[in-house]
Amino acid sequence: MTPETLAEKVLSATRDAFEALGLDAAVLPAQTAVERPRDPKHGDYASNIALQTAKKAGTNPRALAEKIAGNLAAVDGVAKVDIAGPGFLNITVDAAAAGGIAGKIVAAGDAYGTNNSMEGVYANLEFVSANPTGPIHAGGTRWAAMGDALARVMRASGAKLTAEYYVNDAGAQIDHFAASLLARAKDEPTPENGYVGAYIDEIAADVLEARPDALDAAEPLEVFRTVGLDLMLKDIQTTLADFGTHFDVFFSEKGMHDRGEVETAVQRLTDLGHVYEADGATWLRTTTFGDDKDRVLKNSKGGWTYFASDCAYYLDKRERGFEKLVFMLGADHHGYVGRMQAISRAFGDEPGTMEILIGQFVNLLRGGEPIRLSKRAGNIITLNDVVEAVGVDAARYALTRYSADSTIDLDIDLWTRHGNENPVYYVQYAHSRTHGVLRNAADRAVDRGDSYDAALLSHPRESDLLKALAEFPAVVASAAELREPHRVARYAEELAAAYHRFQHDCRVLPFPDEETTDVNRARLWLVDATRVVLANALGLLGVSAPERM
RNA sequence: GCCUCAGUAGCUCAGCUGGAUAGAGCACCGGACUUCUAAUCCGAUGGUCGCAGGUUCGAAUCCUGCCUGGGGCGCCA
């Protein structure tokens, strides 16, 4: 009995009650959910469906609840249904029905938690997309962790998803970057708007190593641009890979320009009647689609703007077949949402085709004080700095356990601690404890058998743990649908707590002088199921699940 | 000025697609190691959910206004 199947039973019991009472079934929702009440007196699961529908149907919630409760009590696996308060249905599931989930989880293994809530959605998720003119900074690190987790969660929910990084390898920033490298190589001062930092020195030296003739080439700047960009991008890609963040596509802006896609996109928009000339420039009438002001596509000097590239890139993605375009951007880009959405609408797409997630900043602290610790990039904190400070697992976990809407104060002291107060250790430790028990069982040749008596898992700690385990697929689905991967982390912490409590109160293996009982065997299944779910949850966050700590 | 995020326990934050006495970790206080790693567990203390209205049987959650703090409002990329 999973929460999902119970919810279906609740809905059909309600439908039957409506029929019996002669009420209009049209007011019933297509789906409903049961929740886990905090107070154990309220049963294993609770439903508020009578409260939600009684008024619309023109009846009394308690009377309706009575009728539903009667139908529900007859359902196999439901032990008891109480009516409480204004019309809550408090449902108690019998232990055998609840305990069955452990075996299903063990059988499903890695696949447990996958669901079909986003089945058939063909999506593109763009994140990080930091300019290849320097290392990824702290903000980009947050998107690297969170975007990757979101990609995993959406895929687990059935979405066909491409993780994409837009490489801004065209335009003035790259010119400045190339000029900075060239100046460094010639030991000249950094040009105006140029880049500084140890990484510039390193890349300039690396370019000279790769192309000893660079300074004598016909166009030295071009050599430094091409080779330097390549080195910088490789560095970024290596950093991301080491961080466990996977991209399916690194999309080159320059390539898009070279293929003439900007012209094509602007022509398309012109044909659609949204483009006009004014003040010597070419504009897109984004105000038609809710933007504050119209935006320039081609400036009066005849150059394409970054915005024109955005239009072309949008069209490129759509023509590659993506139906859902999701962007993760930093709070410093929230002013772009209006014009970006306008692009989508100008091309004639439905609202919701483009989805822009705005995430807040991250501050790195040590002992409550802001820190700056980059050795490479001037005064900027980089992804590598974060990883050096706390490690990949702690960094990824710390950056995925908070809502994107919250600014993060990431305190290095906290995230390097080994204990209860460090959530990633707490969760990983719970996982490693499951391995510990299973290892001991194997060492002592305690066999759990091919099946177990689910009704034996009736201790309150076992019931709580089973309920937590059963919730996982719904958590993954909601994390995907709401684009909130932090829900998985919070869930993992709850599950870890339920497991620690279980292991504290319930002896799994027999003591050395005792025979193995059916309770021991059933508990081994429960431990294994917990192992699976903790590993899967950590996996969705891109955090390792150690077997020993 | 406009847009946007946040404001919940001493601290860091969940909860926000309306539901039952508002949760967790840390800190503080008091307990549990002949343990399956105590890297854990149990208990106690602690909150006018920024403020004021409104909608509702019911609001931390939805609406309006205000206050405080972060970010943003280029023919830059």
A:Arg501 side chain near B:C41 phosphate (N/O to OP1/OP2, under 4.0 Å): no

Distance-only donor-acceptor test (3.5 Å): side chain A:Ser432, base B:U37: yes

Spacing of the P atoms in B:U61 and B:A52 (rounded, Å): 13 Å

Sugar-phosphate only, base, or nothing, as touched by A:Arg339 at under 4.0 Å among non-hydrogen atoms: nothing

Atom of A:Ala69, atom of A:Ile83 and distance for their closest heavy-atom approach: CB-CD1, 4.0 Å

Closest to the A:Tyr425 side chain, choosing from B:C5, B:A39, B:C36: B:A39

Separation between the C1' atoms of B:C63 and B:G30, rounded to whole Å: 47 Å

OP1 or OP2 of B:A14 under 4.0 Å from side-chain N/O of A:Ser406: yes

Heavy-atom check, side chain of A:Arg483 versus side chain of A:Met154, under 4.5 Å: yes

A:Asp294 CG - B:C75 P separation (whole Å): 11 Å

Proximal nucleotide (of B:U12, B:U40, B:A39) relative to the A:Asp409 side chain: B:U12

Ring-base stacking, A:Phe88 with B:A20 (5.5 Å, 30° cut-offs): yes

Base of B:G72 and ring of A:His333 stacked, centres under 5.5 Å, planes under 30°: no

Plane angle bin for A:Phe289 and A:His274 - parallel if under 30°, tilted between 30 and 60°, otherwise perpendicular: perpendicular

Polar pair under 3.5 Å, donor/acceptor by atom type, side chain A:Tyr336, base B:C76: yes

A:Leu509 vs A:Arg444, side-chain contact (heavy atoms from CB on, under 4.5 Å): CA-CA, chis, key distance, verdict: CA-CA 9 Å; A:Leu509 298 177; A:Arg444 292 174 45 195; 4.0 Å; yes

Interatomic distance, A:Leu51 CG vs B:A59 P [rounded to whole Å]: 14 Å

Interatomic distance, A:Glu421 CD vs B:C28 P [rounded to whole Å]: 11 Å

Distance test, side-chain N/O of A:Asn440 to OP1/OP2 of B:U37, below 4.0 Å: yes

Donor on one side chain, acceptor on other, A:Thr92 and A:Asp44, under 3.5 Å: no

B:A59 to B:U17 separation - C1' atoms, rounded to the nearest Å: 14 Å

Gap in Å between the two P atoms, one belonging to B:G53 and one to B:C2, rounded: 24 Å

Contact nearer the 5' end of RNA chain B, comparing A:Ala46 with A:Ala497: A:Ala46

Atom of A:Ala138, atom of A:Val362 and distance for their closest heavy-atom approach: O-CG1, 3.4 Å

Closest nucleotide among B:C75, B:C41, B:U37 to the A:Tyr429 side chain: B:U37

Nearest-angstrom distance from the residue atom CD of A:Gln428 to P of B:U40: 13 Å

Along RNA chain B (nearest heavy atom to each residue), the more 5'-positioned of A:Pro512 and A:Lys298: A:Pro512

Cationic tip of A:Arg487 above A:Tyr491 ring, under 6.0 Å, 45° of axis: no

Side chain of A:Asn299 (C-beta onward), nearest among B:C75, B:U40, B:A39: B:C75

Cation-aromatic face contact A:Lys317/A:Tyr314, 6.0 Å, 45 degrees: no

P spacing across the pair B:G7 / B:A60, given as an integer number of angstrom: 15 Å

Sugar-phosphate only, base, or nothing, as touched by A:Gln173 at under 4.0 Å among non-hydrogen atoms: sugar-phosphate

Touch class at under 4.0 angstrom, heavy-atom based, for A:Asp411 against every strand present: nothing

N or O in side chain of A:Arg487 less than 4.0 angstrom from B:C16 OP1/OP2: yes

Under-3.5 Å donor-acceptor pair between A:Asn90 side chain and B:A20 base: yes

Distance below 4.0 Å between A:Asn420 side-chain N/O and B:C41 OP1 or OP2: yes

Touch class at under 4.0 angstrom, heavy-atom based, for A:Thr407 against every strand present: sugar-phosphate

Euclidean distance for P, B:C49 against B:G10 (whole angstrom): 13 Å

Phosphate contact (B:G74 OP1 or OP2) by A:Lys293 side-chain N/O below 4.0 Å: no

B:C16 versus B:G72 - spacing of their C1' atoms, nearest Å: 24 Å

Nucleotide nearest A:Gln503 when distance is taken to its side chain, options B:A14, B:U40, B:C36: B:C36

pair A:Phe127-A:Met146: side-chain heavy atoms closer than 4.5 Å: no

Short side-chain N/O contact to B:G18 OP1/OP2 from A:Asn48, under 4.0 Å: no

Cation-pi check, A:Arg339 onto A:Tyr336 ring (under 6.0 Å, within 45° of axis): yes

Selected nucleotide, minimal atom distance to A:Asp405 side chain, candidates B:A20, B:A6, B:A39: B:A6

Nucleotide nearest A:His504 (side chain, heavy atoms from C-beta), chosen from B:G19, B:A32, B:A77: B:A32

Rounded distance in Å - CG (A:Asp443) to C1' (B:U37): 14 Å

Rounded distance (Å) that lies between atom C1' of B:C5 and atom CZ of A:Arg483: 19 Å

Secondary-structure notation, RNA chain B, from Watson-Crick and G-U pairs under 3.5 angstrom (| other strand): (((((((..((((.....[...))))..((((.......))))......(((((..]....))))))))))))....

Touch class at under 4.0 angstrom, heavy-atom based, for A:Gly85 against every strand present: nothing

Mutual orientation of the aromatic rings belonging to A:Trp415 and A:Tyr397 [parallel < 30°, tilted 30-60°, perpendicular > 60°]: tilted

Check: A:Thr305 side chain, B:C75 base, donor-acceptor under 3.5 Å: no

Distance, rounded to the nearest Å, where A:Tyr402 contributes OH and B:A24 contributes P: 17 Å

Atom C1', compared across B:G50 and B:G69: separation rounded to whole Å: 11 Å

Any A:His486 side-chain N or O less than 4.0 Å from OP1/OP2 of B:C16: no

Nearest-angstrom distance from the residue atom CD of A:Glu493 to P of B:A24: 13 Å

Under 3.5 Å side-chain donor-acceptor pair for A:Thr133 and A:Gln173: no

